Every structure is written in C-alpha cells, then in structure tokens.
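To start, the structure itself, in structure tokens.
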There are 2 protein chains.
Amino acid sequence: MSISSRFSVGIHILALIELNNEGVTSSEFLAASVNTNPAVIRKLMGMLKKAGLIEVQPGIAGAKLAKELSRITLFDVYKAVNVVQEKELFSIHGSPHPDCFVGRNIQHTIEPIFTAAQLAMENVLRNVTMEDVVGDIANKENIC
Amino acid sequence: MSISSRFSVGIHILALIELNNEGVTSSEFLAASVNTNPAVIRKLMGMLKKAGLIEVQPGIAGAKLAKELSRITLFDVYKAVNVVQEKELFSIHGSPHPDCFVGRNIQHTIEPIFTAAQLAMENVLRNVTMEDVVGDIANKENIC
DNA sequence: TATCATGTAATTGTTTTGATTACAAGTTTA
DNA sequence: TAAACTTGTAATCAAAACAATTACATGATA
C-alpha cells in the first residue's frame with residue numbers, strides 16, 4: 001500500500017503556480033508538467049481551492065495562490081487532497097471475537113499507538129512549508 | 001488509503017500466542033479470535049515465521065513465540081507482514097515532464113521529506129514492544 | 001456569438017486486500 | 001498402516017481505491 005500520489009501532485013501544482021506566477025497556470029499547463037490528464041488536475045485544484053490554498057474560478061484561466069507559500073505547510077496539502085483520514089493511517093481488523101480475551105481488548109490497546117505513529121509522521125509534514133520546497137527546487141537550477 | 005490490517009492481525013496473533021501459552025494456538029483457534037479464515041492466519045503465520053518471530057511446523061499444531069515478547073517491537077511485526085515498503089509510504093507521481101523546471105526537480109526535493117516522515121512514524125513503532133501491548137491487554141481484565 | 005477555461009460526472013483498467021476453497025505434505029495416534 | 005488433523009500454498013473471487021479518459025454543462029471574454 002502507498003499513500004496516493006495525489007499528495008505529491010498537489011505539491012507539484014502549488015510549486016508550479018508559484019514558479020510560473022508571471023504566466024497563466026491552467027489545468028492544461030499543469031497537466032503537461034505533471035504528465036497526467038487535465039481533468040485529474042482540475043479535480044485536485046478543486047480540493048486545494050476548498051482548503052483555501054488556491055484561487056480558481058470557473059471560466060477564468062489559471063490558478064493563483066491564496067496564501068503566501070511560507071504559510072502553507074505540507075500538512076495543509078496532505079489534508080487538502082484527502083489522502084489519509086484522521087486516525088486511519090492504519091486499519092484495524094474489524095469485529096474480533098468478543099468472547100476472547102485478546103479479541104475483546106486489542107483494538108483499544110492498539111489504537112492509541114497507531115494514532116501516535118500517524119501523528120509523528122504528520123508532524124514532520126507540519127514542519128515543512130511550501131516555501132521550503134520551492135526554495136529547494138529553485139536551488140537545483142538557475143534557469144527554467 | 002490505509003495500511004493493511006495484516007499489521008493489526010499480526011499483533012493479535014503474537015499476543016494470543018503469548019496469552020494462550022498453556023494451550024495450543026492453531027490457525028483455527030487464531031482465526032476464531034481474529035474473526036477471519038484460517039488460511040489468512042496461516043499466510044500471516046508464514047510471514048511471522050520467516051521474520052523469525054514465531055515457530056511453526058507443518059503438521060504440528062500450534063505456533064510458539066521464537067523470541068521473548070520484550071524483544072519483539074511493533075516495528076518488527078510491521079516489517080514482517082510487509083505492509084509498507086522501504087521509502088514507499090508515500091507514492092510519488094512518475095515521469096513528470098523533464099522540460100519543466102518543476103517536473104525535473106520535484107521528485108528529488110520531495111523524496112527526503114517523505115522518507116523522513118515515514119521514518120518518524122516507524123520510530124514510534126520501534127519504541128513499543130509486544131510486551132507493552134500484552135501488558136496493556138492484560139491490564140484491562142483479570143480473567144480470560 | 002465563438003472560443004476557451006473550469007467543474008463534474010461516468011466509464012474503464014489496474015492494483016491491493018481479504019475471504020474462500022481446495023489440496024498437497026507433514027505429524028500423531030489409534 | 002490408516003485415519004484424522006495440521007500447516008503450507010495456490011487459485012479464485014468480490015470489493016475498494018486509484019488514476020486516466022471522455023464528455024459535457026457552466027462561466028468568462030474577445
């Protein structure tokens with residue numbers, strides 16, 4: 001299993017909107033860079049818009065950032081594109097046998113551990129901003 | 001998306017082997033407690049055996065722990081049942097456009113961040129042993 | 001009005017998961 | 001030895017998640 005690539009594509013979209021801020025960043029333009037279908041991009045743009053990260057309008061070409069990059073963390077993107085639900089990074093097998101000692105109690109024992117593990121992962125994402133990401137991309141080359 | 005319940009079932013299996021150590025912990029017995037099919041259990045037993053966590057033999061009923069519980073961490077179980085590959089908790093979209101500034105560099109920028117996030121999650125699992133888990137289950141009740 | 005963009009629904013192929021069935025092979029015991 | 005029981009393993013199946021694709025309604029603008 002793997003967390004959906006919607007997450008990395010979401011990051012890609014935001015980075016490209018920033019780096020292309022003099023041009024028009026349409027779904028077609030984004031799709032070419034990501035190498036996917038414009039409809040996939042539009043779906044993701046809708047999610048990013050709903051989360052207040054970008055501004056897009058029907059009929060008007062191009063997306064713009066709704067916040068400064070330094071105020072958008074990877075966690076914001078992660079939540080926006082809906083790749084992992086709260087407390088559901090790990091799935092726990094349902095309906096173990098209630099007559100059994102282990103079956104009756106294991107879920108409550110395991111759940112807080114799984115939640116803590118998920119939180120630790122998410123905290124790493126909280127500490128990286130899109131500004132960091134774009135800065136790193138920009139450092140790799142001088143000319144587009 | 002969610003990490004497969006193979007992980008929580010694997011934990012369930014090890015805990016029950018310990019708590020039932022006076023009886024015979026067969027795949028059928030385990031399947032009843034987990035509430036699944038014995039063949040599913042046997043597949044997982046094979047994985048746990050391969051990882052050196054339990055001892056099982058063809059024809060001989062029941063599994064035994066191959067190590068003390070205090071020497072088995074949740075990370076060991078997680079690796080044993082193969083729910084997440086190394087560096088692959090997050091999937092990154094493949095083949096972004098190489099002519100694009102962002103497309104060319106985003107993978108290398110994102111990858112170490114994703115790896116760090118995965119590692120943070122895994123480190124939580126490394127710090128919990130099966131002894132902790134079984135102790136917690138045992139604390140919940142006095143009689144089986 | 002013609003053109004182009006976004007928003008959104010429907011369809012399709014792929015992959016993963018978990019359940020199930022079936023059976024070969026090993027072990028025990030009557 | 002034969003019957004009964006266990007593990008090991010392969011094959012099959014349905015359900016769910018993903019991503020790609022097509023199609024079309026709606027909004028904006030020249």
Side-chain angles (χ1 to χ4, degrees), chain A residues 1-10 12-13 17 20 23-51 54-64 66 81-85 88-97, chain B residues 1-10 12-13 17 20 23-51 54-64 66 81-85 88-97:
Chain A
M1 90 88 224
S2 255
I3 290 174
S4 164
S5 67
R6 282 204 302 279
F7 185 24
S8 66
V9 174
H12 192 141
I13 289 172
I17 291 174
N20 186 45
V24 175
T25 312
S26 66
S27 63
E28 191 171 358
F29 178 78
L30 284 162
S33 173
V34 172
N35 191 29
T36 184
N37 194 287
V40 171
I41 298 293
R42 288 200 289 273
K43 179 135 206 244
L44 283 170
M45 289 198 308
M47 292 178 170
L48 296 172
K49 176 185 181 178
K50 193 173 168 192
I54 66 175
E55 289 167 357
V56 210
Q57 284 184 341
I60 302 182
K64 298 288 176 189
V81 300
N82 222 14
V83 282
V84 178
Q85 304 306 309
E88 290 186 6
L89 175 58
F90 299 89
S91 58
I92 301 182
H93 56 294
S95 50
H97 202 297
Chain B
M1 89 87 225
S2 255
I3 290 174
S4 165
S5 67
R6 283 202 303 278
F7 185 24
S8 67
V9 174
H12 192 140
I13 290 173
I17 290 174
N20 186 45
V24 174
T25 313
S26 66
S27 63
E28 192 170 357
F29 178 78
L30 284 161
S33 173
V34 172
N35 191 29
T36 182
N37 193 287
V40 172
I41 298 293
R42 289 201 287 273
K43 178 130 207 248
L44 282 171
M45 289 199 307
M47 292 179 171
L48 296 172
K49 176 184 182 180
K50 194 174 167 192
I54 67 175
E55 288 167 358
V56 209
Q57 284 183 339
I60 301 181
K64 297 289 176 190
V81 300
N82 222 14
V83 282
V84 179
Q85 305 305 308
E88 290 186 7
L89 175 59
F90 300 90
S91 58
I92 301 183
H93 56 294
S95 49
H97 203 297

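Each chain gets a letter, A, B and so on, in the order its sequence line appears, and its residues count up from 1. Nothing here was measured: the structure is a model prediction, and the numbers come from that model.
Between A/Pro38 and A/Val83, the residue anchored closer to the 5' end of DNA chain D is A/Val83, taking for each the nucleotide with the nearest heavy atom. Comparing A/Ile60 and B/Ser2 against DNA chain C, the residue whose closest nucleotide sits nearer the 5' end is A/Ile60.
Across D/dT22, C/dT20, C/dT17, the shortest atom-to-atom separation from the side chain of A/Asn37 is found for D/dT22. When each of C/dA19, D/dG8, C/dT20 is scored by its nearest atom to the side-chain atoms of B/Ala39, the top-ranked nucleotide is C/dT20. Closest to the side chain of B/Val56, out of C/dT6, C/dA5, D/dT7, is D/dT7. Listed nucleotides: D/dA19, C/dG18, D/dT7. Nearest to the side chain of B/Ser27: D/dT7.
The distance between atom NZ of A/Lys43 and atom C1' of D/dC18, rounded to the nearest whole Å, is 10 Å. The CG-C1' distance, from B/Asn35 to C/dA19, rounds to 11 Å in whole Å. If you measure from atom CZ of A/Arg42 to atom C1' of C/dA5, you get 8 Å, rounded to the nearest angstrom. The interatomic distance linking A/Glu28 (CD) with D/dT22 (P) rounds to 13 Å, in whole Å. One atom, CG of B/Leu48, and another, P of D/dG8, lie 11 Å apart when rounded to the nearest Å. Atom NZ of A/Lys50 and atom P of C/dG7 are 13 Å apart (whole Å). What separates CD1 of A/Ile3 from P of D/dA19 is a distance of 12 Å, to the nearest Å. With rounding to whole Å, B/Met45 atom CE is found 5 Å from D/dT7 atom P.
Contact between the side-chain N/O atoms of A/Ser26 and the OP1/OP2 oxygens of C/dT6 is not found at any separation under 4.0 Å. Between A/Ser4 and D/dA19 there is a side-chain polar atom (N or O) within less than 4.0 angstrom of OP1 or OP2. Within the structure, every side-chain polar atom (N or O) of B/Ser5 is placed at least 4.0 Å from both OP1 and OP2 of C/dT17. Residue B/Thr36 places at least one side-chain N or O under 4.0 Å from the OP1 or OP2 atom of C/dA19. In this model, the phosphate group of D/dT7 is not approached by any side-chain N or O of B/Lys49 to a distance below 4.0 Å at OP1 or OP2.
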Where do B/Thr36 and A/His93 land on the side-chain contact (heavy atoms from CB on, under 4.5 Å) test, with the steps shown first? CA-CA 9 Å; B/Thr36 182; A/His93 56 294; over 6 Å; no
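At least one donor-acceptor pair closer than 3.5 Å links the side chain of A/Arg6 to the backbone N or O of A/Asn82. A donor-acceptor pair is defined here as one N or O able to donate and one able to accept, closer than 3.5 Å; no such pair exists between the side chain of B/Ser5 and the backbone of B/Ser8.
Residue A/Glu55 comes nearest to A/Ala66 through the heavy atom pair CG-CB, 3.9 Å, listed as atom of the first residue, atom of the second, then distance.
Around the NZ atom of B/Lys50, the shell of radius 6.0 Å holds no more than 12 heavy atoms that belong to other residues, nucleotides or ligands.
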